[in-house]
Amino acid sequence: MTDSAIIAKGDAAKNGPTDKPQDKSAPRHIPDRLHSPVQRLLKSWELLLFAVAVAIFTANSFASPYFLDAWNLSDATFNFTEKAMIAFAMALLIISGEIDLSVASIIALASTAMGAAAQYGAGTPEVVLIGLATGLVCGTVNGLLVTKMGLPSIVVTIGTMSLFRGISYIVLGDGAYRGYPPEFAFFGQGYVAWVISFEFVLFALLAVLYYLLLHRTNFGRMVYAIGNNPTAASFSGIRVARVKFILFLLTGLMAGVAAICLTSRLGSTRPSIAFGWELEVVTMVVLGGVSILGGSGSIPGVVIAAFVMGLVTFGLGLLNVPGIVMSIFIGALLIGVIALPRLWAMWRR
């Protein structure tokens, strides 16, 4: 072997195979997620909820011969659409680390204000505007007490829960408001096409709007950042108090919208209207996967949770289950869904 051959062989041994040159300038691909989209979907809370909804739908179809009737299914949507409208805004508020327990009382006060206006001859546009304005005013009160005075939202909204409904009882006592304009009935009793009610269409539109707001805008990212760490969010330039104030306004506004639909559907106003709804709204939000501690959750989860609760309550109603049993079920469900996400998170690890 010549000296040149020996040198070439030594270089090859030193530098490695010559047929696979190494390009150190080529960028390395580092994945930003440990799981593929399919794996994330299979382990998602939303998929589990969807499976539960399908199971409940199937069980109800066998439990009652009247369940699969198209008009009965349309009536079933009234069990959750009004509450879900509030739940969309409540989801954002809880993700930010706050809560509003006065939403049912805002409905009562807004309904009382609309009824009083109707007694003085206000038309449908005026009645609707009064309902929305009342919700916004109540949301403003809650927002100012929390963001400007630094009071805990749970304490504030427990207080305003009694305040708002107490005003309704002072105004109405044991009486009721009736005599709303005939056109006003469309919001809670009207149908857009065949069995598709106006309320259900409004519910679907609001679901899309809140999905875009939370998951596709900078505002939604700020909500998540505040819920995870409000101090860090503040140092990042996010106006935490302003964002939370807007969320309280949205929650009050949605309570006003729900008051319009519920009052229209019932055709009357009593101070006990929507009594206990705050529990069901919070249950719907937490069941949808929103952490009660803030920082995580999704609108699709809340939508599926709304269907689950609506199917359960409607199915129990068809079986003539007493209302007190439904209340017990809702309370047990709230306790369960607070514990289940933690168990679910432990399993995902």
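For reference, positions follow the sequence shown, starting with 1.
- Taking a 6.0 Å sphere around CZ of F186, one finds it holds more than 12 heavy atoms contributed by other residues, nucleotides or ligands.
- Linking Ile, Leu, Val, Met, Phe, Trp and Tyr whenever their side-chain heavy atoms come within less than 4.5 Å leaves L249 and V137 in two separate clusters.
- For the pair L92/L213, a side-chain contact is recorded, criterion being any heavy-atom separation below 4.5 Å from C-beta on.
- For the ring pair (Phe, Tyr, Trp, His ring centres under 6.0 Å) test, no residue two or more places apart in sequence or in another chain qualifies with F50.
- Distance CE/M85 to CG/L253: 11.5 Å, rounded to 0.5 Å.
- Put simply, V171 and L266 are part of the same group of oily side chains (I, L, V, M, F, W, Y) that touch within less than 4.5 Å, one to the next.
- Proximity of a side-chain donor or acceptor of S272 to a complementary backbone N or O of F275 within less than 3.5 Å is not detected.
- Side-chain heavy atoms closer than 4.5 Å link hydrophobic residues (I, L, V, M, F, W, Y) into clusters, and following such links, possibly through other members, connects I304 to V54.
- Two residues are said to be in side-chain contact when any heavy atoms from C-beta on lie closer than 4.5 Å; V257 and M254 meet this criterion.
- Looking at heavy atoms from C-beta onward, F88 lies in side-chain contact with V303 at the 4.5 angstrom threshold.
- Ring pair F314/F67 is tilted by interplanar angle, where 30° to 60° counts as tilted.
- Side-chain atoms of Y180 come within 3.5 Å of backbone atoms of G115 as a donor-acceptor pair (strictly under, hydrogens ignored).
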Anything under 3.5 Å between a donor and an acceptor, one on a side chain of residues 287-302, the other on a protein residue two or more places apart or in another chain? List them.
from	atom 1	to	atom 2	distance (Å)
S291	OG	L293	N	3.2
S298	OG	E46	OE2	2.5
S298	OG	G301	N	3.3

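- Using the six-membered ring where Trp is involved, F80 and F203 have ring planes that are perpendicular, over 60° apart on the 30 and 60° scheme.
- With hydrogens and angles ignored, the 3.5 Å screen pairs a side-chain donor or acceptor of R165 with a backbone N or O of A104.
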Please test L144 against M149 for side chain to side chain contact (heavy atoms under 4.5 Å, CB included), starting from the C-alpha separation and ending with a verdict. CA-CA 7 Å; L144 289 176; M149 300 187 65; over 6 Å; no
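- You'll find the side chain of C138 reaches within 4.5 Å of the side chain of F164, heavy atoms only.
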Determine, stepwise, if the pair L214 / Y210 fulfils side chain to side chain contact (heavy atoms under 4.5 Å, CB included). CA-CA 6 Å; L214 181 61; Y210 275 94; over 6 Å; no
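- Between S96 atom OG and I226 atom CD1 the span is 6.5 Å, to the nearest 0.5 Å.
- Nearest heavy atom pair, residue T313 against residue G310, reads OG1-O, 3.1 Å.
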Should V208 and L205 be marked as a side chain to side chain contact (heavy atoms under 4.5 Å, CB included) after you check the CA-CA gap, both sets of side-chain angles, and the distance that decides it? CA-CA 5 Å; V208 173; L205 290 175; 5.9 Å; no
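- A donor-acceptor distance shorter than 3.5 angstrom exists from the side chain of T217 to the backbone of G220, with no hydrogens or angles considered.
- With a 6.0 Å radius and a threshold of 12 heavy atoms from other residues, nucleotides or ligands, L209 has its CG atom above the threshold.
- Minimum interatomic distance between R178 and Q119 (heavy atoms only, all atoms of both residues): O-NE2, 2.6 Å.
- Contact check for I167 versus T112: no side-chain heavy atoms found under the 4.5 Å cut-off.
- From D69, atom CG reaches atom OG of S64 across 10.0 Å, with rounding to the nearest 0.5 Å.
- Not less than 6.0 angstrom separates the ring centroid of F248 from the ring centroid of F245.
- With hydrogens and angles disregarded, a donor-acceptor distance shorter than 3.5 Å links the side chain of S168 to the backbone of A108.
- The shortest distance between side-chain heavy atoms of R221 and N218 falls below 4.5 Å.
- Listed here is the closest heavy atom pair of T134 and A113: OG1-CB, 3.6 Å.
- Checking side-chain atoms of N79 against main-chain N and O of L311 turns up no donor-acceptor pair under 3.5 Å.
- Here the closest heavy-atom approach between residue S111 and residue I273 is recorded as OG-CD1, 3.9 Å.
- A continuous path of Ile, Leu, Val, Met, Phe, Trp and Tyr side chains, each step under 4.5 Å between heavy atoms, connects V312 with I324, placing both in one hydrophobic cluster.
- A distance-only check finds no donor-acceptor pair linking the side chain of E278 to the backbone of M161 [under 3.5 Å].
- Rounded to the nearest 0.5 angstrom, L93 CG and I86 CD1 are separated by 12.5 Å.
- For residues 231-252, the salt bridge (Lys or Arg N to Asp or Glu O under 4.0 Å) pairs, not counting sequence neighbours, are E98-K244.
- Under the 3.5 Å distance criterion, the side-chain polar atoms of T160 are matched with a main-chain donor or acceptor of T157.
- At distances below 3.5 Å, at least one donor-acceptor pair connects side-chain atoms of Q189 with backbone N or O atoms of S264.
- Scanning both residues, A274 and L262, for their nearest heavy atoms gives CB-CD2, 3.9 Å.
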From CA spacing to verdict: side chain to side chain contact (heavy atoms under 4.5 Å, CB included), N142, D100: CA-CA 8 Å; N142 288 333; D100 187 349; 3.5 Å; yes
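- Between F78 and F200, the ring center distance fails the sub-6.0 Å criterion.
- Looking only at distances, no side-chain donor or acceptor of T263 sits under 3.5 Å from a matching main-chain atom of I260.
- In the hydrophobic cluster analysis, where Ile, Leu, Val, Met, Phe, Trp and Tyr join through side-chain heavy atoms closer than 4.5 angstrom, L129 is grouped apart from L202.
- Closest approach of L73 and L68 over heavy atoms only: CD1-O, 4.1 Å.
- Atom OG1 of T140 sits about 10.5 Å away from atom CG of L145, to the nearest 0.5 Å.
- For the pair F219/I246, a side-chain contact is recorded, criterion being any heavy-atom separation below 4.5 Å from C-beta on.
- Taking OH of Y191 as the start and OG of S197 as the end, the distance is 6.0 Å to the nearest 0.5 Å.
- V223 places a side-chain heavy atom less than 4.5 Å from the side chain of V243.
- The environment of CH2 in W71 is crowded: more than 12 heavy-atom neighbours from other residues, nucleotides or ligands sit within 6.0 Å.
- Classified by interplanar angle (parallel below 30°, tilted 30° to 60°, perpendicular above 60°), the ring pair Y211/H215 is tilted.
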